[in-house]
Amino acid sequence: MDITHELLALLERFAARAALPKVRGLLLPPAAVPTSIAGEFCAIELDDGSLGLSYVLLDESSRRLVAERGDPSLGLEGADALAVARWFGEAAGARRAIGFAVVNALTRCLFDRAGFVPGASGDSIGMLAPQPSDRIGMIGLFPPLVKSIVQAGASLTVVELRSDLAGERDGWRVTTDRSELAGCNKVIATSTLLLNGTLDAMLAACPGAQSFALIGPGAGCLPDPLFARGVTLVGGTWISDREAFRAALAAGSSWTAAARKTAIRPADYPGFEALLGSL
């Protein structure tokens, strides 16, 4: 079973144990999308206030969703959350992105009901602690994170889908060839790999990685299937002030005051079975 359907299967079990909230609505960034991360994510809010994020600029369908301010035919308000979460496994484009946001929102719902609060992230680079001897792989270019890795003296190879970004930089390089991850002992990757379905392929491309951190606002799903595949840290965004977050997302402004970055590692996580058993 692939990651997508494993996540949905776990949520099916959650639904069998407890009544789930309905979908309250879809929250979108401004139509005139800014170049910052604040304009790149949508959110689904459930009736109990649970929020889940998803990257919303992955393809043309998702971009149209933002530009057209949603599609009334989606029928999201009051919808069965699990039914919409299944879009993550059954649909493409904007519907898949929305389904993934619901997967993340239901995960937050489970965490809250079980009393599990992820710990804070110690840094912005997946707690990789780069050393001069490290060969670090970055899947998806995170420009703000490059400097700290390079300054630590580590070798950095970035794998990108965009060929226009490929080339040598000052102390690091960008390539479209995932096989160049084979020699990396530490890897940091964008959570968008879950949305575009390439996480398994990327994990297979770096068999020597002792650390594999999956980070980003979309990294809000249950980490169990990820840990089982070799991911060593899941770093997401924990919304702490819902009203401030809604306002910031609608304005396309920073969420910093409304959220915190989290880090979940296998040793810090009780596991789905324990969470479910506590309900």
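Side chains are part of it too, since the values below use all heavy atoms of this structure and drop only hydrogens, waters and symmetry mates. In this chain, numbering begins with 1 at the start of the sequence shown.
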- Message: Test of understanding: clusters of I, L, V, M, F, W, Y form through side-chain heavy atoms closer than 4.5 Å, transitively. Do Leu165 and Val146 belong to the same one?
- Response: yes
- Item | Nearest atoms (heavy-atom pairs only) where Gly235 meets Ala219 | O-CB, 3.4 Å
- Query: Ignoring hydrogens and geometry, is there a side-chain-to-backbone donor-acceptor pair from Arg169 to Gly167 under 3.5 Å?
  - Reply: yes
- Heavy-atom neighbours of Glu243 CD exceed 12 at 6.0 Å: no
- Message: How close do Val117 and Arg260 get, counting heavy atoms only, and between which atoms?
- Response: CG1-NH2, 3.1 Å
- Evaluate the criterion side chain to side chain contact (heavy atoms under 4.5 Å, CB included) for residue pair Val187 and Leu203; output intermediate values, then yes/no. CA-CA 9 Å; Val187 176; Leu203 283 165; over 6 Å; no
- Do Glu45 and Arg246 meet the salt-bridge criterion of a basic N to acidic O distance under 4.0 Å? yes
- Mind checking whether Ile3 and Leu226 have side chains closer than 4.5 Å, heavy atoms only? yes
- Which distance, rounded to the nearest 0.5 Å, do you find between the CG of Leu28 and the CD1 of Ile98? 7.5 Å
- Side-chain contact, heavy-atom cut-off 4.5 Å: Ile215 with Thr190? no
- Query: Phe88 and Thr4: side chain to side chain contact (heavy atoms under 4.5 Å, CB included), yes or no, with the steps?
  - Reply: CA-CA 7 Å; Phe88 180 44; Thr4 297; 3.5 Å; yes
- Item | Arg178/Glu160 ion pair, N-O < 4.0 Å | no
- Task: State, with a plain yes or no, whether a side-chain heavy atom of Leu65 is found less than 4.5 Å away from one of Leu74.
- Result: yes
- Task: Specify the closest pair of heavy atoms between Thr237 and Pro217, including all atoms of both residues, with the distance to one decimal.
- Result: OG1-CA, 3.4 Å
- Using side-chain contact (heavy atoms from CB on, under 4.5 Å) as the criterion, point out the one residue from Val102, Leu27, Leu106 that pairs with Ile44. Val102
- Query: Once you round to the nearest 0.5 Å, how far does CG of Leu110 lie from CG of Leu275?
  - Reply: 5.0 Å
- Message: Strictly below 4.0 Å, N to O, side chains only: are Glu6 and Arg229 in salt-bridge contact?
- Response: yes
- Item | Rounded distance (nearest 0.5 Å) linking atom CZ of Arg162 with atom OG1 of Thr176 | 12.5 Å
- Item | Ring-ring centroid check Phe100 Tyr55, cutoff 6.0 Å | no
- Flag side-chain contact, heavy atom, 4.5 Å: Leu51 against Arg242: yes
- Query: Do you know the tightest heavy-atom contact between Gly218 and Asn104?
  - Reply: O-ND2, 3.1 Å
- Task: Starting from the C-alpha separation in whole Å, work towards a yes-or-no answer on side chain to side chain contact (heavy atoms under 4.5 Å, CB included) for Trp238 and Arg108.
- Result: CA-CA 9 Å; Trp238 186 267; Arg108 175 63 188 266; 3.3 Å; yes
- For the atom pair CZ (Arg95) and CG (Leu76), what is the distance rounded to the nearest 0.5 Å? 8.0 Å
- Report yes or no: does Arg17 contribute a side-chain atom to a donor-acceptor pair with the main-chain N or O of Leu276 at less than 3.5 Å? yes
- Item | Sidechain-backbone polar pair: Thr107 side chain, Val103 backbone, donor-acceptor under 3.5 Å | yes
- When rounded to the nearest 0.5 Å, the distance separating CG of Leu11 from CG of Leu7 is 7.0 Å
- If you group Ile, Leu, Val, Met, Phe, Trp and Tyr by side-chain heavy-atom gaps below 4.5 Å, do Leu222 and Leu279 land in one group? yes
- Is the Phe116 ring parallel, tilted or perpendicular to the Phe111 ring (thresholds 30°, 60°)? perpendicular
- Message: Keeping Asp134 on the side-chain end and Ile136 on the backbone end, is there a donor-acceptor pair under 3.5 Å?
- Response: no
- Of all heavy-atom pairs linking Arg265 and Phe227, the shortest is C-CZ, 3.8 Å
- Message: Under a 3.5 Å distance rule, please check whether Asp112 uses its side chain to pair with a backbone N or O of Cys109 as donor and acceptor.
- Response: no
- Message: If you define the side chain from C-beta out and look only at heavy atoms, does anything of Thr157 sit under 4.5 Å from Trp172?
- Response: no
- Task: For the residue pair Glu180 and Thr175, confirm or rule out a side-chain donor-acceptor distance under 3.5 Å.
- Result: yes
- Message: Please check this pair: side chain of Glu77 against backbone of Gly75, looking for a donor-acceptor N/O pair closer than 3.5 Å.
- Response: no
- Note, Ile139 side chain near Phe212 side chain (heavy atom, < 4.5 Å): yes
- Task: State, yes or no, whether a side-chain contact exists between His5 and Arg86 at a heavy-atom distance under 4.5 Å.
- Result: no
- Query: Does any N or O in the side chain of Ser211 come within less than 3.5 Å of the main-chain N or O of Leu128, such that one atom is a donor and the other an acceptor?
  - Reply: no
- Just checking, any donor-acceptor pair under 3.5 angstrom between side chains of Ser179 and Asp177? yes
- Message: Can a donor-acceptor pair be found, under 3.5 Å and without considering hydrogens, that links the side chain of Arg96 to the backbone of Leu195?
- Response: yes
- Ion pair Asp47/Lys22, N-O distance below 4.0 Å: no
- Report the C-alpha separation of Val159 and Leu181 in whole Å, then their side-chain angles, then the decisive distance to 0.1 Å, and conclude whether the side chain to side chain contact (heavy atoms under 4.5 Å, CB included) test is met. CA-CA 8 Å; Val159 174; Leu181 294 170; 3.7 Å; yes
- Could you tell me which non-hydrogen atom of Asp224 sits nearest to which non-hydrogen atom of Leu10, and how far apart they are? CB-CD1, 4.3 Å
- Query: Just how far is it from atom SG of Cys206 to atom NZ of Lys186, taken to the nearest 0.5 Å?
  - Reply: 14.0 Å
- Query: Below 4.5 Å, heavy atoms only, C-beta onward: do Leu53 and Cys42 meet side chain to side chain?
  - Reply: no
